[in-house]
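Right, one structure below, let's go through it.
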Amino acid sequence: MAATKGKVVYNIYRALSHGLSPFLYLHLHWRKLRGLEHPLRWPERLGRPSLPRPPGPLLWFHAVSLGEGMSAIPVIKQCIQRRPDLTILMTTTTSSAFEVIKKRLPTSVIHQFAPIDTPAAMGTFLGHWKPNAIVLMESELWPNLIIGASEKGIELALLNARISSKSFKRWSGPVLLPLISLMLSKFSLIAPLSTMQAIHFQLLHAPPFVINFSGDLKYVVEEFDICEGELRSLEDLTVHLANRQVWMASSIHKGEEEVILGIHKVLMQEYPDLFTIIVPRRPQHGKEIAQKLWREGHGVALRSQNDKLVRGTNILVVDTLGELRHLYRLTPVAVIGGSFFPSLSGHNISEAAAAGCAILTGPHVGHFSCMVREMQQLNPLSVLQVSGGLELEEALRKLFSDVKVLEEHRVAAKQVYHALSSGIVGNVWNLLDFHILQRYLSLKGNEDQHAAIVNIG
């Protein structure tokens with residue numbers, strides 16, 4: 001009965017997404033004009049391939065944006081190492097993610113932009129690439145993708161699986177519950193972020209036997225090579241910041257810069273050599289912050305302009321992508337943004353921990369609350385969670401005024417990171433191999449055997 005209801009709701013969704021296709025096409029054009037879609041490769045978003053499909057088995061990884069994509073890369077590398085016969089296809093949705101991820105992916109990986117979830121786009125995409133299995137990252141639950149893949153006999157996995165509180169309430173309603181139940185029944189593997197996330201998936205009727213824990217891939221921070229120019233620029237920054245009180249506010253959302261700049265102005269009176277690095281979530285936001293600070297007469301440098309850090313420069317605004325993990329090495333203190341307003345839900349803190357920063361974050365961390373809690377349970381000094389701007393100001397003052405306290409927090413963060421990140425990629429690989437790849441290989445063996453019988457006949 002539930003499956004029948006799910007199919008009815010899916011058919012309604014499918015009809016609506018088909019009917020809206022012309023408007024979504026216009027929306028993509030509008031996004032292209034605004035620079036939000038790739039100027040040449042945007043037709044890939046309609047499922048139109050820009051490359052041929054190589055022969056042999058193909059595994060498709062899909063991640064919506066930069067954070068999810070970076071989490072997938074260690075697993076992709078493990079797949080290439082363990083199963084060199086597989087072709088790996090990776091899709092992302094945002095062009096900003098592509099610009100960074102293309103430099104990190106192994107050269108053998110094919111990258112395409114993900115198709116929108118309409119029957120035509122998804123059908124064209126699946127028809128061309130014919131993946132043998134699909135690995136979705138985090139919360140990419142799209143009905144036409146999942147049901148369409150299942151109808152073609154394609155195995156499905158969901159890694160770092162999570163559903164936000166808002167989405168959980170929406171999916172739990174009487175109208176959408178049959179649809180999400182139908183979609184989750186198509187997965188061979190769901191690896192949730194936490195026990196609470198596992199409970200959420202079970203309440204949405206995911207089959208219990210497909211839910212398996214592997215650890216949070218967001219803990220896995222890989223080393224990446226950087227070009228000579230970037231290396232020289234970072235070395236110049238290191239020289240300039242020597243013997244200064246440095247802190248960085250990363251992944252800042254609109255409005256949070258006011259909190260950070262307010263604290264900067266107060267602490268400058270106590271620490272004249274203070275240097276603040278601001279890394280907004282969106283590069284355009286960084287340009288806006290810098291322009292405002294210039295108008296107000298502040299000594300500010302903009303990263304994308306390679307501005308010289310002259311005497312009197314005490315703020316660096318980073319309006320580039322892909323440098324965060326390198327910049328964390330330049331600062332002893334990292335404040336993780338996206339956490340100071342109720343409408344926000346935090347960002348990954350593991351990169352700062354891996355670099356050995358003393359970590360502070362605001363009260364609103366969303367699904368990253370599990371990461372914060374795990375780190376604090378191992379060592380309360382590894383992450384300081386403050387209630388707002390005043391508490392953040394006081395915590396920074398304490399860190400800057402006592403070298404021993406600062407070092408204790410830095411060591412705690414790094415030790416906890418190493419404890420929690422150990423073995424995660426291996427765990428994920430074992431689950432993928434057992435639930436997806438071995439199952440595919442046995443099916444392939446049966447098909448080969450069947451083909452041989454037909455040929456003999």
Side-chain angles (χ1 to χ4, degrees), residues 34-36 39 65-67 94-103 224 226-268 271-338 340 344 347-348 351-352 355 357 389 392 396:
R34 292 185 62 207
L36 299 175
S65 193
L66 183 57
T94 62
S95 56
S96 58
F98 162 70
E99 294 300 330
V100 176
I101 287 174
K102 70 177 179 181
K103 301 175 185 176
F224 291 106
I226 57 175
C227 70
E228 188 176 336
E230 290 175 332
L231 183 61
R232 194 181 307 114
S233 176
L234 289 169
E235 288 173 347
D236 290 344
L237 266 176
T238 304
V239 171
H240 184 86
L241 299 179
N243 303 315
R244 298 190 70 168
Q245 298 277 28
V246 182
W247 68 298
M248 181 166 81
S250 62
S251 301
I252 296 300
H253 288 242
K254 283 203 171 184
E256 289 187 310
E257 74 275 12
E258 300 297 334
V259 176
I260 302 306
L261 292 171
I263 293 171
H264 170 83
K265 290 172 185 175
V266 171
L267 293 181
M268 275 291 292
Y271 305 98
D273 62 344
L274 185 74
F275 194 92
T276 302
I277 303 172
I278 300 176
V279 189
R281 181 72 172 160
R282 307 292 177 198
Q284 182 57 38
H285 184 206
K287 293 178 175 61
E288 293 166 2
I289 293 171
Q291 287 167 0
K292 180 185 176 184
L293 290 171
W294 280 325
R295 287 195 300 268
E296 294 175 356
H298 292 280
V300 60
L302 190 61
R303 183 71 174 155
S304 64
Q305 301 299 316
N306 294 313
D307 291 339
K308 294 287 185 182
L309 300 184
V310 297
R311 182 182 291 275
T313 302
N314 48 46
I315 299 174
L316 172 64
V317 178
V318 180
D319 60 334
T320 54
L321 291 171
E323 291 193 288
L324 197 52
R325 63 185 58 192
H326 299 300
L327 291 169
Y328 278 132
R329 296 176 184 171
L330 305 181
T331 176
V333 181
V335 177
I336 313 301
F340 288 94
L344 304 176
H347 288 291
N348 192 5
E351 290 180 331
C357 297
L392 175 60
L396 288 168

*Taking side chain as C-beta onward, heavy atoms only, is Leu327 less than 4.5 Å from Val318?*
yes
*Does Glu296 have any side chain to side chain contact (heavy atoms under 4.5 Å, CB included) partners at least two apart in sequence or in another chain, and if so, which?*
Lys265, Lys292, Leu293, His298
*Going from CD on Glu257 to CD1 on Ile252, what distance comes out if it is rounded to the nearest 0.5 angstrom?*
8.0 Å
*Check whether any side-chain N or O of Thr331 sits under 3.5 Å from a backbone N or O of Ala334 as a donor-acceptor pair, and report yes or no.*
no
*Looking at side-chain heavy atoms only, is the closest gap between Phe340 and Leu392 below 4.5 Å?*
yes
_Nearest atoms (heavy-atom pairs only) where Tyr328 meets Ala355_ = CB-CB, 3.6 Å
_Residue list, side-chain hydrogen bond (donor to acceptor under 3.5 Å, both in side chains) with Glu288, at least two apart or on another chain_ = Lys254
*Apply side chain to side chain contact (heavy atoms under 4.5 Å, CB included) to Leu316 and Ile278, showing your working.*
CA-CA 6 Å; Leu316 172 64; Ile278 300 176; over 6 Å; no
*asked:* Does anything in residues 313-323 form a salt bridge (Lys or Arg N to Asp or Glu O under 4.0 Å)? List the pairs, not counting sequence neighbours.
replied: Lys287-Asp319, Arg303-Glu323
*Does a side-chain heavy-atom distance below 4.5 Å link Pro280 with Ile289?*
yes
_Minimum heavy-atom distance between Ala290 and Leu302, given as atom pair plus value_ = CB-CD1, 3.7 Å
*Taking side chain as C-beta onward, heavy atoms only, is Ile336 less than 4.5 Å from Asn348?*
no
*Kindly indicate whether the side chain of Ile315, heavy atoms from C-beta on, has any atom under 4.5 Å from the side chain of Leu261.*
yes
*asked:* Counting C-beta onward and ignoring hydrogens, is there a side-chain heavy-atom pair between Ser95 and Leu36 closer than 4.5 Å?
replied: no
*So, for Thr94 and Ala97, which heavy atoms are closest and what is the spacing to 0.1 Å?*
OG1-CB, 3.0 Å
*Is there a donor-acceptor pair under 3.5 Å between the side chain of Gln284 and the backbone N or O of Arg282?*
no
_So which atom in Ile101 and which in Ser65 form the shortest heavy-atom distance, rounded to 0.1 Å?_
CD1-O, 4.2 Å
Could you pull out all donor-acceptor pairs under 3.5 Å where a side-chain atom in residues 240-249 meets a protein atom, sequence neighbours excluded?
residue: His240; atom: ND1; partner: Leu309; partner atom: O; Å: 3.0
residue: His240; atom: NE2; partner: Arg244; partner atom: NH1; Å: 3.4
residue: Arg244; atom: NE; partner: Asp273; partner atom: O; Å: 3.0
residue: Arg244; atom: NH1; partner: Thr313; partner atom: O; Å: 3.3
residue: Arg244; atom: NH2; partner: Leu274; partner atom: O; Å: 3.2
residue: Gln245; atom: NE2; partner: Phe400; partner atom: O; Å: 3.3
residue: Trp247; atom: NE1; partner: Thr276; partner atom: OG1; Å: 2.7

*Residues two or more places apart in sequence or in another chain: which of them pass side chain to side chain contact (heavy atoms under 4.5 Å, CB included) with Val100?*
Leu66, Arg104, Leu321
*Taking C-beta and beyond as the side chain, do Leu267 and Leu396 meet within less than 4.5 Å on heavy atoms?*
yes
_Residue list, side chain to side chain contact (heavy atoms under 4.5 Å, CB included) with His253, at least two apart or on another chain_ = Glu256, Arg281, Leu344, His347
